[in-house]
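To start, the structure itself, in structure tokens.
Both ligands and their constituent atoms are indexed starting at 1 by order of listing. Values in this document were obtained by computation on a predicted structure and should not be read as measured data.
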Amino acid sequence: MSEHFTVTATDGAARAGVLHTAHGAVPTPAFMPVGTKGTVKGVGPEELRALGATIVLGNTYHLSFRPGADVVAELGGLHAFMGWDGPILTDSGGFQVFSLRHTLEAVDDDGVTFRSVYDGDLARLTPELAAKIQASLGSDIAMCLDVCPPADVPRAELKEAARLTTTWATRHRAAPRTPGQLVFGIAQGGTDPALRRRSIEEIAELDFDGNALGGLSVGEDRATLFETVGWAAPLLPAGKPRYFMGIGDPEGILEVIERGIDMFDCVLPTRLGRTGTAITRDGRLNLKNARFTRDPRPLDATCDCPACSRFSRAYIRHLVKENELLGLRLLSLHNLRYLLDLTAGARAAIESGRLALFKAEVVDRLAQQPAAPETETETAWSR
Ligand SMILES: [Zn+2]
């Protein structure tokens, strides 16, 4: 156990616990809504709190370009700037740099050079700079700068990415942080057993406050993804939080929780919301579908979110069809509530030793629905 993290219950490989940060406690497993540009799109801080969110994620890449980490720091840090006084995790910016591959210019031992998606200007990110930006933002959890290649690269490239990730993690570990800030390491290595194993050993050796599995959910098939998490998660230090970067579909969340993951994030709930799709326990509903025109039911009869407690599918479909902001907002609120509720349910199930049953019920119910065209797999690349 670390002083920041306590495992309070286990069920097989799954764990329930509490992560203590400078801005409060995070019960785990925890789903982290993504506030890319300092906002979970369309959803205010009080609403997030009411939905059950205990921690949100901010993106270093975007915030460092717009409005700039110095601006955020001058206005009191990211918590004050975005009006959220709960825990915040910031990524290192590396994921965006490496996923926007057409903007990559050069990767060397010291850092990475790329072109900004905002103005095309050359920009540079090093471990020290990633640490400095995250210290300026004042997040509760800072992530190491890592090299995250897509799933289909040659093994040599995967190996080099893991090597650089360790080199950079060592430097990030030594860089200054803001008082009370936790720093998490990231293991790479794709789905390659030897490379992943070695990367985990090297990152664990650096004794970070928590550890993440990066470089998964980047285009590999789902069976391989979960198989890898199954043997890789238990290799991460047991007394520290384990973060799976980039998963947010209901089945995926339960699969990684079952394998011992404590934290995860995804833009899926708000992204789907903005495209007119609701995530429900009976599968996804595409509100653009004509079958909802006269549907008086709520999105989900068992949901207590602001959308389901007041509005019909027909009304929300009308709003979506007319591109009304309220429609997209209601769907985002509902989708977040569903995933936060699902995660809380999994936590309760772990505490009572019935996670397998809980998962089977959720997955069976989802599987009963006819496969709709909108159920395509979302990966971290679509962040
Ligand atoms: Zn709802």
Note to self: Among residues at least two apart in sequence or on other chains, which ones pass salt bridge (charged side-chain N to carboxylate O under 4.0 Å, His left out) with E201?
What the structure shows: none
Next item on the list: Using a cut-off of 2.8 Å, find all protein N, O or S atoms closer to the Zn ion (ligand 1) than that distance.
Entry: C303 SG, C305 SG, C308 SG, H334 ND1
Checklist line | R281 and Y338, any side-chain heavy atoms less than 4.5 Å apart | finding: yes
Next item on the list: Kindly assign one of parallel, tilted or perpendicular to the pair H318 and Y315, based on the angle between their ring planes and the thresholds 30° and 60°.
Entry: tilted
Note to self: Just by distance, no angles: are the side chains of T90 and Q134 close enough, under 3.5 Å, to form a donor-acceptor pair?
What the structure shows: yes
Notebook entry, point to check: Does a side-chain heavy-atom distance below 4.5 Å link I203 with I186?
Noted result: no
Next item on the list: Check the side chains of Y243 and D265 for a donor-acceptor pair under 3.5 angstrom, ignoring hydrogens and angles.
Entry: yes
